[in-house]
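Following: one structure in structure tokens, then a few remarks.
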Amino acid sequence: MKSRPVARPENDDEQPRLAVLIDADNAQPAVIEGLLAETAKYGVASVKRIYGDFTSTRMTQWKQALLKHSINPVQQFAYTSGKNATDSSLIIDAMDLMYTRRFDGVCLVSSDSDFTRLAQRLREEGLTVYGFGERKTPDAFVQACDKFIYVEVLRSEVPAPPAPPAPQKSAKKAAKPAAKKPVAQAEPTAAPVVEPGKHESLPLKLIRQAIEDASDDQGWAFLGSVGSYLNKVRPDFDTRLYGHKKLSDLVKAHPRHFTVEERGSDNGLKRIYVRSAG
């Protein structure tokens, strides 16, 4: 007999319910804060579990992050050398959660292609699959997800440490020739400047194709439709990879390639339209 969906309480705000499943062997604790903030954009993380052998010294940093973020650790011993029992445990739990019919989506946090078939199966059941992994993640796993986010864009930037204050001169040392003062002040190391240009090259062909697919007879396309097309064609499309938080910021930053126009709607809200320039 097929299990039926569990009725939600009346005070539920109808946000999608998500299960966040983390492969500790293929994820870094440094991204956990950004990762949970990202999942909050898509729904409520009703379940947060992490899988690994927490008796290992490699998991020390993860242990510190679990209590802070209320993540439930699932201990999985390495029964045999060379075999990844963690993957099997995560997959079994994912399938169990799927059959409860209580969730709208699953967040799979791993860079391992072994979860490709799991992502496909979850989608076949009607769940939305959000993948989180490093840039080295195989394309097969990326394409198997509805949306894939590279964790490199989630790492919070560590501000450069301020230059140490110059030691104050005593009254006796103040009598030294003033010519030595500028020499001492010219040596402090300046805070490193974060150089732009480390972002990915803009996928012009892909964006132009998205605009063309959603455009009207004059070539104008509603930006929301363009974004939907991009996510369907490229699950890993993320404007942050190109140095911008939003798609609107990205197209506005490239007037040589795109023309942007804001139009008012019946409800008074502004809608952004874009077309390829030239």
Side-chain angles (χ1 to χ4, degrees), residues 28 30-31 33-43 105 107 109 111 128-160 190-278:
Q28 300 297 323
V31 304
E33 290 192 15
L35 188 149
L36 294 178
E38 186 74 13
T39 59
K41 297 178 183 179
Y42 307 114
C107 300
V109 186
S111 304
T128 302
V129 178
Y130 301 97
F132 293 82
E134 298 177 355
R135 296 305 306 272
K136 66 180 182 181
T137 306
D139 194 54
F141 181 35
V142 172
Q143 296 300 323
C145 301
D146 290 285
K147 176 70 177 174
F148 196 92
I149 300 95
Y150 292 114
V151 295
E152 284 84 354
V153 303
L154 302 179
R155 288 191 174 97
S156 55
E157 295 183 1
V158 181
V193 179
V194 179
E195 294 182 6
K198 291 187 178 181
H199 305 293
E200 295 287 316
S201 300
L202 192 67
L204 286 174
K205 184 177 179 180
L206 177 66
I207 299 176
R208 284 172 175 160
Q209 179 59 46
I211 294 173
E212 182 180 346
D213 184 77
S215 64
D216 56 19
D217 294 339
Q218 284 75 43
W220 289 101
F222 173 51
L223 194 62
S225 300
V226 174
S228 297
Y229 177 93
L230 291 170
N231 286 325
K232 288 176 183 176
V233 176
R234 281 270 301 275
D236 59 342
F237 180 83
D238 193 325
T239 56
R240 290 169 293 190
L241 293 173
Y242 313 107
H244 300 280
K245 290 184 177 181
K246 299 178 181 179
L247 183 57
S248 58
D249 296 334
L250 187 149
V251 293
K252 288 177 181 178
H254 295 84
R256 189 162 64 92
H257 302 295
F258 309 109
T259 303
V260 181
E261 183 178 285
E262 291 187 359
R263 304 176 186 175
S265 60
D266 296 336
N267 56 10
L269 298 176
K270 288 186 177 180
R271 292 165 63 92
I272 299 177
Y273 287 80
V274 60
R275 72 176 177 184
S276 297

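Along the sequence shown, residues are numbered consecutively beginning with 1.
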What heavy-atom pair brings R275 and I211 nearest, and what distance separates the two atoms? CA-CG2, 3.8 Å

Hey, is the main chain of A221 close enough, under 3.5 Å, to the side chain of S215 for a donor-acceptor pair? no

Can you tell me how far the CZ atom of F222 sits from the CG atom of D216, to the nearest 0.5 Å? 13.0 Å

Nearest atoms (heavy-atom pairs only) where F148 meets C145: CD1-SG, 4.0 Å

Could you pull out the closest heavy-atom pair between Y242 and F237, with the gap in Å? CE1-CE1, 3.7 Å

Closest heavy-atom pair, E262 versus K252, reported as atoms and distance to 0.1 Å, is OE2-NZ, 3.4 Å

Approximate separation, where rounding is to 0.5 Å, of Y273 OH and S225 OG: 8.0 Å

Taken to the nearest 0.5 Å, the spacing of D236 CG from L241 CG works out to 7.5 Å

Donor-acceptor pair, side chain of T259 and main chain of A277, under 3.5 angstrom: no

Got Y150 and R240 here, is their nearest side-chain heavy-atom distance under 4.5 Å? no

One should read off an interatomic distance between Q28 CD and L35 CG, to the nearest 0.5 angstrom, of 12.0 Å

May I ask you to decide if the ring planes of H257 and H254 are parallel, tilted or perpendicular, using 30° and 60° as cut-offs? tilted

Is there a donor-acceptor pair closer than 3.5 Å between any side-chain N or O of S111 and the backbone N or O of E134? yes

Determine whether the aromatic ring centres of residues Y130 and F132 are separated by less than 6.0 angstrom. no

One should read off an interatomic distance between L230 CG and D213 CG, to the nearest 0.5 angstrom, of 10.0 Å

Which atom names give the shortest non-hydrogen contact between V233 and P235, and what distance separates them? O-CD, 3.7 Å

Are K147 and E38 within salt-bridge range, i.e. N to O under 4.0 Å? no

Restricting to non-hydrogen atoms, name the atom on D146 and the atom on T128 that form the minimum distance, rounded to 0.1 Å. OD2-CA, 3.4 Å

Rounded to the nearest 0.5 Å, how far apart are NE2 of H244 and CG of L202? 8.0 Å

